There are 2 protein chains.
Amino acid sequence: MPTLKYSRQREAVKEFLASRIDHPTADTVYTNLREKFPNISLGTVYRNLSLLADMGEIIKITTGDGADRFDGRITPHNHFICRKCHKVSDLEMESIDSILGIAQKNFPGKIDSHVTNFYGICGDCIKKP
Amino acid sequence: MPTLKYSRQREAVKEFLASRIDHPTADTVYTNLREKFPNISLGTVYRNLSLLADMGEIIKITTGDGADRFDGRITPHNHFICRKCHKVSDLEMESIDSILGIAQKNFPGKIDSHVTNFYGICGDCIKKP
DNA sequence: TTCGTTGCAAATGTTTTGCACCTGA
DNA sequence: TCAGGTGCAAAACATTTGCAACGAA
């Protein structure tokens, strides 16, 4: 692996994600960064998102519903995806990492992590008709 | 929603998935069904996979690693994805649905389900260098 | 100077869709 | 008959990549 070099664009991607509590797609990151870097390209955004995710400085969220989303919050937490408005929310909940032990029983490989996404109707959508 | 009509192709898609314990992609389904239906199109395969998944007769698995996969087994279970060979396996484990209650605490919406994928190194890859 | 990074555009891989024809009920 | 299903090809998306120019160390 090559040594990373500083880049304004990469810093801006990270900073932008840290400033948001929603979970932007690559395209949203791109659109917003264009204000500060009018010439930034989508390829650069994808390259940096991928690098940052590999380094563990951001989290990539795959919902299976359109484009991947990215999260600047890296403390362990889970996500909720609304079936109606497709919004992704952070869940404030106690750790469920004990499910790793449950899954590991009788399994011949080595399980080291899990990704759990919860689904349902979000608080906002419940109120609407 | 329109009334479904019988179709040989849809039956064959369902039957093919029921016959496999791995978790084929749409393209794998397509390639295999071509033996029985030389003119079947990828579009038809996708349309039927999508229909069957909506009806709950098969499960769509999004791993975030290449194409989606499909599972003909619909009894509740979880999946393991190997970081090395990217194989998807069924996990035989006790229910972890109690995490729904944990997630629901302090959450304003209505959580009705979860998808949990486990990651690590599978039994086969552990043996290899 | 060196080598990672960027912008641009083209390419890739996956999935969806428009349309004319076919088929089950 | 008629609404749903199919094959084919084109389109739509999301993401990746080749390359020449740029910029940090």
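Model, not experiment: these values are computed from the prediction. Below, chains carry the letters A, B, ... as their sequence lines are ordered, and counting in each starts from 1.
Note on B:Y6: only backbone sugar-phosphate atoms sit closer than 4.0 angstrom, heavy atoms only; bases stay farther off. Here A:D27 lies out of heavy-atom contact (under 4.0 Å) with every strand. B:N48 comes within 4.0 angstrom of sugar-phosphate atoms only, judged by non-hydrogen atoms across all strands, and of no base. Heavy atoms of B:R47 sit under 4.0 angstrom from at least one base atom.
Between C:dG24, C:dT15, D:dT15, one nucleotide has an atom nearer to the side chain of B:K5 than all others, and that is C:dG24.
Close to D:dG7, at under 4.0 Å from its OP1 or OP2, lies a side-chain N or O of B:T44. Residue B:Y46 places at least one side-chain N or O under 4.0 Å from the OP1 or OP2 atom of C:dT15. The phosphate of C:dT6 (OP1 or OP2) has a side-chain N or O of A:S7 nearer than 4.0 angstrom. Listed pair A:Q9 / C:dG7 meets the phosphate criterion, a side-chain N or O lying under 4.0 Å from OP1 or OP2.
In this structure, B:L33 atom CG and D:dT6 atom P are separated by 11 Å, rounded to whole Å. Note: CZ (B:R10) to P (C:dC22) measures 20 Å, nearest angstrom. Per the geometry, CD belonging to B:E11 stands 16 Å off C1' belonging to D:dT6, to the nearest Å. Computed from coordinates, the B:F70 CZ to C:dT14 P distance equals 12 Å when rounded to whole Å. Note: CG (A:D65) to P (C:dT15) measures 14 Å, nearest angstrom. Between B:L49 atom CG and D:dT6 atom P the separation is 12 Å, expressed in whole Å. Nucleotide C:dG13 holds its P atom 17 Å from the CG atom of A:D68, rounded to whole Å. Counting to the nearest Å, the P atom of D:dA20 and the CG atom of A:N39 are 20 Å from each other.
Along DNA chain D, the nucleotide nearest A:R8 and the nucleotide nearest A:A26 are compared for position; the residue whose nucleotide lies closer to the 5' end is A:A26. Across the interface with DNA chain C, nearest-nucleotide mapping of A:P38 and B:G66 shows A:P38 to be the residue nearer the 5′ end.
For A:K84, there are no salt bridge (charged side-chain N to carboxylate O under 4.0 Å, His left out) partners at least two apart in sequence or on another chain.
Between the CG atom in B:L49 and the CG atom in B:L17 there is a gap of 6.5 Å [rounded to 0.5 Å].
The number of heavy atoms from other shown groups lying within 6.0 Å of CG (B:L4) is above 12.
Centroid-to-centroid, the aromatic rings of A:F80 and A:Y119 stay 6.0 Å apart or farther.
Note on B:E15 versus B:R20: no salt bridge recorded, every NZ/NE/NH1/NH2 to OD/OE distance being 4.0 Å or above. Ion pairing between a basic and an acidic side chain is recognised when a charged N comes within 4.0 Å of a carboxylate O; A:K105 and B:E92 show no such pairing.
Each end of the helix from C:dT1-D:dA25 to C:dA25-D:dT1 gets its own axis, taken as the rotation carrying the C1' atoms of four end pairs onto the next four within a five-pair window, and the two axes meet at 30° to the nearest 10 degrees.
Of the listed residues (B:D22, B:D124, B:D65), just one forms a salt bridge (charged side-chain N to carboxylate O under 4.0 Å, His left out) with B:K87, and that residue is B:D124.
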Evaluate side chain to side chain contact (heavy atoms under 4.5 Å, CB included) for A:L51 paired with A:R10, printing each intermediate quantity in order.
-> CA-CA 9 Å; A:L51 266 174; A:R10 179 155 55 240; 3.2 Å; yes

